[in-house]
Amino acid sequence: MKSVVLGSLLSLACAAFALTLENPSLRLVFAEAEGGYAVERIENRLAGGTDFVNGPAKGASFWELAFWNEGAPGDAKAGARLTNLSPCRVKSVERHADGGATFIWRGLDLPGEKGAVTVRATVRFAVDGASRWSLEVQNASTVFGLAETKYPYFSHVSKSGEADVLQPRPDTGARLVRNRPWGGRWAMAGCGGYMPMMIAFLKDGAGLYVAAHDPEARIKTQGLSPEHDLTYITPVENAGIPGKAAEGPRYEVTVAAFKGDWWAAARKYRAWALTTKWASKGRILDRADYPRRLAEIPLWLNIHAYPDEVSNTMSRVHALFPGFDAGIHWHLWQHSPHDVNYPEYFPEQKGTRACLAFCRSIGAEAMPYTNGRLWSVPLMSYPYAKPYAIAKPDGGPRIEKYGPVTPPLSPMCPYTDKWDETLNDFSRRVLELGAGSVFLDQIGACAASPCYAKDHGHPVGGGAWYFEGYQRLLAKTHAVYSATNAFVTTEGSGEQWMNVVDGYLNVTQRQPDDVPFFHAVYSGYTTYFCSPENHEDDDASFRAAQTRELLWGQSLGWFHPLILDKPSKCAIVRELCEFRQAHLDCFAYGTLLGEVAFEQPVPEIPLTWLGRKPFWAWRLPDYPLSATITGKMPGLLGYVWESAKDGRKTAFLANLTDAPRTVSFAWQGVRKTVDLPARGLLPTEVR
């Protein structure tokens with residue numbers, strides 16, 4: 001791109017005046033040179049000039065860099081940090097023809113090395129009106145290598161309680177925190193375990209969209225401080241190695257203005273996401289390698305039991321829910337207890353083959369549990385696996401603990417042939433038992449970790465290798481399974497695997513302010529299953545949770561088998577599952593377009609969603625529940641879907657109240673009035 005170098009005159013001007021970059025969508029205001037060019041304000045010009053970012057003129061961050069001494073990576077005493085406020089020889093700005101600019105810091109010092117570092121922070125305007133932010137570090141040091149970057153850094157994106165924040169979270173993809181106050185903890189979203197490296201701030205119809213549009217899914221973390229400071233933290237490739245470390249994050253951050261609500265942000269993210277490798281196979285309805293029977297299972301249970309109990313449970317499910325298949329997530333098919341002896345699952349429990357065969361014979365799916373990341377440290381085999389574990393900066397293996405009684409576990413590096421061979425071996429053996437599916441836990445639920453092993457074949461530290469490793473590994477697993485119409489699933493909302501993983505288990509406890517962000521972005525491109533809820537909830541609260549997720553496109557369940565002893569709960573589930581099966585062209589394969597606007601006030605209903613116990617603890621009456629959620633939900637719901645088969649648009653309406661209601665609603669110029677039965681569902685075309 002052609003640049004105009006303004007040189008010393010612009011540098012002098014910036015010493016006294018803030019610098020402004022603008023296009024028809026955005027106005028970006030930066031501090032003067034003395035303030036390190038920190039971002040002071042971002043104005044949404046599409047929505048009346050609404051302001052975001054309340055950065056101080058002096059003392060605010062714009063970028064931060066961590067350097068390591070190659071001899072002792074990870075030792076803070078052997079490292080160095082630079083920021084946009086660090087002393088340097090010259091600060092200057094280059095203007096671009098597109099209206100953007102590059103901010104330059106020349107001659108930054110490292111310990112013992114004067115003027116070794118030059119930093120270039122570029123903001124360019126794209127043809128779609130969005131701004132793209134990138135960082136380049138030129139490091140001439142022979143002692144220190146770049147290890148980590150924080151860029152861009154936006155201070156106080158919204159004031160306390162001033163804006164709604166569409167904040168990334170596992171499973172449903174995001175939560176809409178209304179009038180989000182300052183306080184609490186840093187909200188961290190790690191690439192690989194959270195669906196979007198995206199966040200949006202909304203004020204009265206004006207939005208600010210910030211996202212890392214990185215098609216190679218490099219290891220990174222999005223951080224939101226209690227004071228709404230926002231940044232992207234990136235461990236770079238070959239971290240800490242002089243002369244070899246990457247010279248920056250190697251991806252751009254998109255900052256864009258928009259009008260509307262959170263659905264507008266979701267549509268913006270979807271437009272980018274569907275261009276990536278993980279969406280490149282297209283809609284699941286059109287894929288020859290996609291097992292549609294996963295998308296069409298309406299109900300899942302979760303069990304921690306031996307083969308006889310699983311067979312008996314599925315017999316009851318078959319009798320109570322006639323007419324459609326069901327799935328059960330099966331723990332304890334293997335020879336040892338849960339969360340121990342990974343990945344040594346074999347030999348299987350006696351009767352496992354017969355149980356799997358029986359379930360298949362009645363149209364049910366028993367999905368064996370495995371873990372796609374971990375090796376149990378106490379195993380005799382671990383010393384042989386240890387060299388292939390994800391390594392910390394000091395070279396030692398990363399160790400994780402899950403609860404006080406769970407033995408230590410070590411996540412394995414997916415780039416190594418050892419973990420590739422191991423995972424594909426036990427996955428193949430599960431298939432050979434007669435299973436029609438396998439669950440690979442944590443791959444889509446745990447953030448990618450940088451690995452500092454120098455002999456794994458990947459760049460030390462960060463980069464795209466984690467994404468590439470699991471892509472290569474899972475492609476082999478998926479090919480073997482899809483050849484027999486079997487399916488592969490994982491937990492969470494790690495979007496990067498949906499071309500090699502068929503479905504995502506969504507199991508976190510729901511909140512009233514959850515929104516179907518994952519579904520709005522990826523409906524039609526994968527399957528999301530399970531809507532966990534305590535079978536001891538009152539019926540109204542239970543129905544509200546399940547109905548909402550049905551209308552989002554979720555297949556229901558991950559219920560404990562004790563729900564089979566609750567006739568009223570079973571009746572609710574049966575009704576909702578039958579409704580889903582009648583509209584699979586939308587809920588399983590279609591596109592979620594948005595919500596209807598009701599013309600009359602929408603009543604609210606109180607709800608209490610009881611906390612859950614671990615699935616193995618329901619036999620222990622005194623075992624404590626997790627936190628109980630209380631709140632309110634709209635008593636009327638309305639979501640619009642587009643059919644994958646014929647493009648027909650249908651509004652699916654739900655009345656969660658105890659009284660029939662006549663309601664009027666609008667959708668993109670179409671106005672309708674319909675009668676909704678009490679606690680009822682109704683589809684109505686809106687095209």
Side-chain angles (χ1 to χ4, degrees), residues 191-193 216-219 237 277-278 280-281 289 334 341-346 368-377 379-392 397-400 409-433 435 437-484 486-492 494-504:
C191 191
E216 295 183 281
R218 293 169 178 86
I219 298 171
E237 296 94 322
K277 177 177 181 176
W278 53 87
S280 62
K281 290 183 177 179
D289 70 336
Q334 74 277 19
N341 294 351
Y342 297 158
E344 297 180 7
Y345 303 101
F346 292 90
Y369 173 98
T370 68
N371 191 288
R373 290 180 66 244
L374 301 175
W375 204 296
S376 295
V377 172
L379 286 174
M380 293 180 64
S381 60
Y382 179 69
Y384 301 97
K386 184 177 176 180
Y388 309 101
I390 286 180
K392 299 183 296 183
R398 181 181 172 96
I399 303 296
E400 298 176 358
L409 297 150
S410 187
M412 305 303 292
C413 177
Y415 204 83
T416 61
D417 290 341
K418 179 67 174 179
W419 188 240
D420 185 318
E421 294 165 0
T422 300
L423 186 147
N424 275 288
D425 176 68
F426 69 67
S427 297
R428 174 185 53 79
R429 295 179 69 182
V430 167
L431 192 63
E432 290 171 352
L433 290 174
S437 57
V438 66
F439 179 76
L440 302 173
D441 198 8
Q442 293 196 324
I443 292 174
C446 294
S449 299
C451 177
Y452 298 94
K454 296 183 177 180
D455 57 354
H456 286 184
H458 59 69
V460 172
W465 59 265
Y466 190 94
F467 169 67
E468 294 166 355
Y470 265 123
Q471 277 282 333
R472 183 172 60 243
L473 180 161
L474 290 169
K476 299 174 185 176
T477 311
H478 189 265
V480 171
Y481 270 68
S482 64
T484 62
F487 55 82
V488 180
T489 66
T490 189
E491 179 188 354
E495 61 194 331
Q496 298 93 336
W497 325 121
M498 65 176 55
N499 58 316
V500 286
V501 165
D502 300 308
Y504 290 86

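The figures here come from the full heavy-atom set of this structure, side chains too, leaving out hydrogens, waters and symmetry mates. Nothing here was measured: the structure is a model prediction, and the numbers come from that model.
Using the six-membered ring where Trp is involved, Phe467 and Trp278 have ring planes that are perpendicular, over 60° apart on the 30 and 60° scheme. The aromatic rings of Phe426 and Tyr345 sit perpendicular, their planes meeting at an angle over 60°, well past the 30° parallel limit.
A donor-acceptor pair is defined here as one N or O able to donate and one able to accept, closer than 3.5 Å; no such pair exists between the side chain of Ser410 and the backbone of Trp375. The backbone N or O of Asp441 lies less than 3.5 Å from no partner atom in the side chain of Thr490, so there is not a single donor-acceptor pair. Panel note: side chain His458, backbone Gly469; no donor-acceptor pair is recorded below 3.5 Å. For the pair Trp419 (side chain) and Tyr388 (backbone), a donor-acceptor distance under 3.5 Å is absent. Between the side chain of Gln471 and the main chain of Gln496, a donor-acceptor pair closer than 3.5 Å is present. Side-chain atoms of Asn424 come within 3.5 Å of backbone N or O of Thr477 as a donor-acceptor pair. Of the possible polar contacts, none joining the Tyr415 side chain to the Tyr470 backbone as a donor-acceptor pair under 3.5 Å is found.
Among all heavy-atom pairs drawn from Tyr481 and Ser437, the shortest one is CE2-C, 3.7 Å. For the residue pair Val488 and His478, the shortest heavy atom distance occurs at CG2-CA, 4.3 Å. Considering every non-hydrogen atom in both Lys281 and Asn499, the closest pair reads NZ-O, 2.7 Å.
For Phe346, the CZ atom sits in a packed shell: over 12 heavy atoms of surrounding residues, nucleotides or ligands are nearer than 6.0 Å. Within 6.0 Å of the OH atom in Tyr466, the count of heavy atoms belonging to other residues, nucleotides or ligands exceeds 12.
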Worked verdict on Arg373 versus Glu400 for salt bridge (Lys or Arg N to Asp or Glu O under 4.0 Å): CA-CA 11 Å; Arg373 290 180 66 244; Glu400 298 176 358; 2.9 Å; yes
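Not counting sequence neighbours, Arg472 has no partner by the salt bridge (Lys or Arg N to Asp or Glu O under 4.0 Å) test.
Checking Asn341 against Ser376 by side-chain atom types alone, no donor-acceptor pair falls below 3.5 Å.
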